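Owing to the predicted nature of the structure, the values given are computational and were not obtained by experimental measurement.
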Amino acid sequence: QVQLVESGGGLVPAGGSLRLSCTASGRTFSNYVVGWFRQAPGNEREFVAGISRSGDRTSYADSVKGRFTISRDNAKNTVYLQMNSLEPEDTAVYYCAARATFYYSRLANGYNDWGQGTRVTVSS
């Protein structure tokens, strides 16, 4: 099991940028694939981006492709989500999730460990 803590959320105007961080402790983080998910009020939790254990492979939801970038620094036990050109529709609580496996999943049930979430609000 790995403990995850997200940070970097906040209030930003449309068109702005934020960088979220997900910092892990407890296990060898380089053994874990990581996904970012988000959940807006009244909606189901949805996949945003995923990254392989080494960081050489990534995947994005169509809604964020070209605007968001996921990356990781295993030496710092941290995964980042750089969010540019933010839109009001990006408003949600963002969660990072991890699993000690080879392939990241676009499904929430593909992850064992979750952070507590960080809120992102994009004003129009």
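- Considering all non-hydrogen atoms of both residues, Trp114 and Ala108 come closest at CZ2-O, 3.4 Å.
- Asp56 is linked by a salt bridge (Lys or Arg N to Asp or Glu O under 4.0 Å) to nothing, counting only residues two or more places apart in sequence or in another chain.
- When atom types are taken as modelled, the side chain of Tyr32 and the backbone of Asp113 share no donor-acceptor pair closer than 3.5 angstrom.
- For the pair Tyr111/Thr101, no side-chain contact is recorded, criterion being any heavy-atom separation below 4.5 Å from C-beta on.
- Side chain of Gln1 to main chain of Gly26: no donor-acceptor pair is present (N/O by atom type, distance under 3.5 Å, no hydrogens or angles).
- Listed by chain and number, the residues in a side chain to side chain donor-acceptor pair (under 3.5 Å) with Gln39 are Arg45 (sequence neighbours excluded).
- A cation-pi arrangement is present between Arg72 and Phe29, with the terminal nitrogen or guanidinium carbon under 6.0 Å from the aromatic centre and inside a 45° cone about the axis.
- Tyr60 and Tyr80 fall into different hydrophobic clusters, defined by Ile, Leu, Val, Met, Phe, Trp and Tyr side-chain heavy atoms under 4.5 Å apart, directly or through other members.
- For the pair Glu6 (side chain) and Gly117 (backbone), a donor-acceptor distance under 3.5 Å is present.
- When all heavy atoms of Ser25 and Val2 are compared, the pair lying nearest together is O-CG2, 3.2 Å.
- Under a 3.5 Å cut-off, the side chain of Asn43 and the backbone N or O of Ala92 do not form any donor-acceptor pair.
- The ring-ring contact (aromatic ring centres under 6.0 Å, His included) test applied to Phe47 returns Phe37, not counting sequence neighbours.
- In this structure, the side chain of Thr28 does not engage the main chain of Ser30 through any donor-acceptor pair within 3.5 Å.
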Expected list for residues 9-21: side-chain donor-acceptor pairs under 3.5 angstrom, two or more places apart:
residue: Ser17; atom: OG; partner: Asn84; partner atom: OD1; Å: 2.9

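- Of the N and O atoms on the side chains of Arg106 and Ser59, at least one donor lies less than 3.5 Å from an acceptor on the other residue.
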Hey, mind stepping through Val79 and Ile70 against side chain to side chain contact (heavy atoms under 4.5 Å, CB included) and telling me if it holds? CA-CA 7 Å; Val79 170; Ile70 188 171; 3.9 Å; yes

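- Expressed to the nearest 0.5 Å, how far OG of Ser52 lies from OH of Tyr103 amounts to 10.5 Å.
- In this structure, Trp36 is not a member of the same hydrophobic cluster as Tyr95, with clusters built from ILVMFWY side-chain heavy atoms closer than 4.5 Å.
- In this structure, Cys96 SG and Ile51 CD1 are separated by 12.0 Å, a value rounded to the nearest 0.5 Å.
- Checked by atom type and distance alone, the side chain of Thr78 pairs as donor or acceptor with a backbone atom of Lys76 at under 3.5 Å.
- Atom CD of Glu46 sits about 13.0 Å away from atom CG of Leu107, to the nearest 0.5 Å.
- With sequence neighbours left out, the salt bridge (Lys or Arg N to Asp or Glu O under 4.0 Å) criterion links Asp90 to Arg38, Arg67.
- Thr118 is linked by a side chain to side chain donor-acceptor pair (under 3.5 Å) to nothing, counting only residues two or more places apart in sequence or in another chain.
- Residues Leu81 and Val34 share a single hydrophobic cluster, defined by chaining ILVMFWY side chains whose heavy atoms lie under 4.5 Å apart.
- For Tyr94 (side chain) and Gly8 (main-chain N/O), no donor-acceptor pair under 3.5 Å exists by modelled atom type.
- Between the CD atom of Glu87 and the OG atom of Ser124 there is a distance of 12.0 Å, given to the nearest 0.5 Å.
- Between Leu4 and Gln116, the shortest heavy-atom distance links the atoms O-OE1, 3.8 Å.
- Between the Tyr104 side chain and the Thr58 main chain, a donor and an acceptor come within less than 3.5 Å of each other.
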